[in-house]
Enquirer: 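Below is the structure I would like to discuss, written out as structure tokens.
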Amino acid sequence: MDTTSAVSYTAKLIDGPLEGRTVATAFLDSGDPQARIELNADGGKRYVYSRAGGLEFDGADSDRPTAVEYRFIETVFD
């Protein structure tokens, strides 16, 4: 797979209420992974996750990660 043209990657949620789950997430227009993601939940809640240090690449010549770790920050109630 040519990751230079990849438009999404896997966000790995490593703690918090969604620990162990993964979600497909789009790269920013700059090609970088998002620094922060918000995921809608039941009952008007949103879970906020922030990028952690873990990055996974699919091959030695990849310039974009295929997976990025995210840590739980907070729950926002609407």
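Quick caveat, the model's predicted, so the values are computed rather than measured. Starting from 1, each residue takes its place in the sequence as its number.
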Enquirer: Hey, what do you get for OG1 (T10) to CD (E56), rounding to the nearest 0.5 Å?
Expert: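 One gets 8.5 Å once the value is rounded to the nearest 0.5 Å.
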Enquirer: Report the distance from atom CG of L13 to atom CD of E69, rounding to the nearest 0.5 Å.
Expert: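 Atom-to-atom, L13:CG and E69:CD are 10.0 Å apart.
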Enquirer: Testing the basics here: between K45 and T75, what is the closest heavy-atom pair and its distance to 0.1 Å?
Expert: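 Smallest heavy-atom distance, with atoms named: CD-CG2, 3.9 Å.
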Enquirer: Hey, could you give me the OH/OG1 distance between Y49 and T25, rounded to the nearest 0.5 Å?
Expert: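 So the gap between those two atoms works out to 12.0 Å.
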Enquirer: So, taking the atom named OG1 in T22 and the one named OH in Y9, what distance separates them when rounded to the nearest 0.5 Å?
Expert: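 Result: 12.5 Å between the selected atoms.
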Enquirer: Heavy atoms only: give me the nearest K12-A67 pair and the separation to one decimal.
Expert: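 Closest heavy-atom pair between K12 and A67: CD-CB, 3.8 Å.
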Enquirer: Please determine whether residues L39 and I14 belong to a single hydrophobic cluster, defined as Ile, Leu, Val, Met, Phe, Trp and Tyr linked transitively by side-chain heavy-atom distances below 4.5 Å.
Expert: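 No, separate clusters.
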Enquirer: For D15, enumerate each residue passing the salt bridge (charged side-chain N to carboxylate O under 4.0 Å, His left out) test, keeping only those at least two apart in sequence or located in another chain.
Expert: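 Testing D15 for salt bridge (charged side-chain N to carboxylate O under 4.0 Å, His left out), a comparison that skips the adjacent residues, returns R71.
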Enquirer: Looking at Q34 and F27, would you say the former's side chain and the latter's main chain have a donor-acceptor pair under 3.5 Å?
Expert: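 No.
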Enquirer: Which pair of heavy atoms, one from F57 and one from P65, lies closest together, and at what distance?
Expert: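 Smallest interatomic distance, heavy atoms only, reads CE2-N, 3.4 Å.
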Enquirer: Report the residues that fulfil side chain to side chain contact (heavy atoms under 4.5 Å, CB included) with I73, sequence neighbours left out, ordered by chain and then residue number.
Expert: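 Side chain to side chain contact (heavy atoms under 4.5 Å, CB included) list for I73, sorted by chain: V48, S50.
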Enquirer: Could you check whether any side-chain heavy atom of Y70 comes within less than 4.5 Å of a side-chain heavy atom of I37, counting everything from C-beta outward?
Expert: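 They are in side-chain contact.
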Enquirer: Taking only residues two or more places apart in sequence, or in another chain, which ones meet E38 in a salt bridge (charged side-chain N to carboxylate O under 4.0 Å, His left out)?
Expert: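 Scan of E38 (salt bridge (charged side-chain N to carboxylate O under 4.0 Å, His left out), adjacent residues dropped) gives R36, R46.
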